[in-house]
There are 2 protein chains.
Amino acid sequence: MPRTKGDHEGRRRDVSAAVWRVMSARGFAGLTLRAVAAELGATTGLLTHYFPTKQALVEYALDLLEQRTLSRPRRDSGEGLAALRDALLDILPLAPEATESNRIWACSWDAALSDPVLSAEYARKYAQGRARLAERVARAQELGELPPGNSERIAAGAQSFVLGLVVQALFDPTGFPPQRQVEILDDYLAGLSAH
Amino acid sequence: MPRTKGDHEGRRRDVSAAVWRVMSARGFAGLTLRAVAAELGATTGLLTHYFPTKQALVEYALDLLEQRTLSRPRRDSGEGLAALRDALLDILPLAPEATESNRIWACSWDAALSDPVLSAEYARKYAQGRARLAERVARAQELGELPPGNSERIAAGAQSFVLGLVVQALFDPTGFPPQRQVEILDDYLAGLSAH
């Protein structure tokens with residue numbers, strides 16, 4: 001039977017879902033053509049059609065992670081300090097899907113830190129994230145919700161804070177349930193507002 | 001020639017140094033018997049004497065990382081808030097050796113997050129770290145250097161803050177030179193002191 005465009009796209013979606021499940025369960029260390037093939041109920045041979053090399057599979061996985069991160073729903077409850085808080089809450093692993101994405105991000109740091117090209121790309125992404133946070137910090141300062149100060153340095157602090165909270169919550173979900181993460185973040189924001 | 005105990009210990013030190021260099025340069029994804037053998041100028045066969053499996057090599061590498069972390073020199077400039085600041089500075093990648101250890105820690109998260117036993121062990125270590133920070137927070141509160149508040153929650157926030165700063169500094173050493181890391185940390189401590 002001839003293959004249609006729909007078949008092809010459906011198959012790509014299946015492959016993406018299988019790659020995602022393998023990364024989520026086993027990290028990048030466990031992301032192999034064989035594991036994805038088993039997850040998909042397909043042969044390794046079929047998989048090499050999509051991913052001729054391990055490197056191609058890793059690149060695909062990283063793209064998938066970025067797409068899912070960019071397309072996730074965002075909080076939008078106001079401007080200034082409320083907008084800064086929203087952006088930080090959007091990063092935290094407060095729900096299963098965000099936990100899964102964060103886990104995969106943290107797992108990708110091994111490969112990323114050991115590859116100069118990837119490492120530079122990650123540095124660029126984090127710098128963009130800080131720039132977006134800095135705009136919200138500056139707006140909160142204009143509104144008098146945050147004291148004056150170097151908005152970029154404050155944004156770098158805020159990004160550090162949530163990234164580290166992510167790491168701790170990933171390792172210790174029982175010790176860092178969603179409510180506690182939010183309390184710890186609100187302590188931090190109270191500190192920013194006070195000085 | 002018969003092997004002496006000194007030979008054996010010298011060889012173990014060489015093996016440890018080779019494992020460390022491979023981890024540092026290639027992360028856990030690049031930590032293979034073959035890479036360690038090449039670094040050591042030895043055969044893979046000799047290496048299997050030390051590490052019968054890949055898993056044994058990873059466990060050895062993690063032990064080595066923990067030993068080096070435990071035995072690193074520590075700052076000791078006072079008590080209370082000064083002691084809290086020292087403990088946080090001790091974690092940051094402010095010098096080449098600390099950068100190397102932090103890089104290896106961050107690279108180990110991939111394997112650790114995907115292994116329930118390792119994951120529980122990491123959670124326990126971070127909890128111990130938080131408990132030590134909480135003691136320093138409580139002492140700073142007694143001394144009136146920090147306002148009253150839940151010292152464990154403040155410690156969890158402080159640990160989050162430095163962990164995330166580590167991650168950012170690893171990816172972007174140019175954007176986060178030592179002085180900037182210290183400034184960002186001091187902003188954070190000023191926020192803690194103020195509210």
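Lettering follows sequence order; numbering is per chain, from 1.
- For Arg13(B), the CZ atom is loosely surrounded, since the number of other residues' heavy atoms within 6.0 Å does not exceed 12.
- The CZ atom of Arg153(A) sits 7.0 Å away from atom CD1 of Ile184(B), with the distance rounded to the nearest 0.5 Å.
- Interface remark: Arg124(A) contributes no atoms to any contact with chain B (heavy atom separation under 4.5 Å).
- Counted within 6.0 Å of CD on Glu183(A), heavy atoms from surrounding residues, nucleotides or ligands total more than 12; the atom is thus considered enclosed.
- Between Asp110(A) and Arg26(B) there is no salt bridge, since no side-chain N of the basic residue sits under 4.0 Å from a carboxylate O of the acidic one.
- Within a 6.0 Å radius of CZ in Arg12(A), no more than 12 heavy atoms belonging to other residues, nucleotides or ligands are found.
- Atom OH of Tyr122(A) and atom CG of Leu170(B) lie 13.5 Å apart (nearest 0.5 Å).
- If you tally non-hydrogen atom pairs under 4.5 Å between each of Ala111(A), Gly27(A), Gly149(A), Ser114(A) and chain B, the highest count goes to Ser114(A).
- The closest side-chain heavy-atom distance from Asp172(B) to Tyr126(A) is not below 4.5 Å.
- Side chain of Ser160(B) to main chain of Phe161(A): no donor-acceptor pair is present (N/O by atom type, distance under 3.5 Å, no hydrogens or angles).
- The closest side-chain heavy-atom distance from Leu113(A) to Phe171(B) is below 4.5 Å.
- Other residues, nucleotides and ligands contribute only 12 or fewer heavy atoms inside 6.0 Å of the CD atom of Glu152(B).
- Ranking Ala120(B), Ser24(B), Ala156(B) against chain A, the residue ahead of the rest is Ala156(B), based on heavy-atom pairs under 4.5 Å.
- Here the closest non-hydrogen pair linking Gln168(A) and Arg130(B) is OE1-NH1, 2.6 Å.
- Counting non-hydrogen atoms of neighbouring residues, nucleotides and ligands closer than 6.0 angstrom, the CZ atom of Arg180(B) exceeds 12 such neighbours.
- Within 6.0 Å of CD on Gln179(B) lie no more than 12 heavy atoms contributed by other residues, nucleotides or ligands.
- Both Val19(B) and Leu46(B) sit in one connected hydrophobic cluster of ILVMFWY residues. Membership requires side-chain heavy atoms under 4.5 Å apart, directly or through other members.
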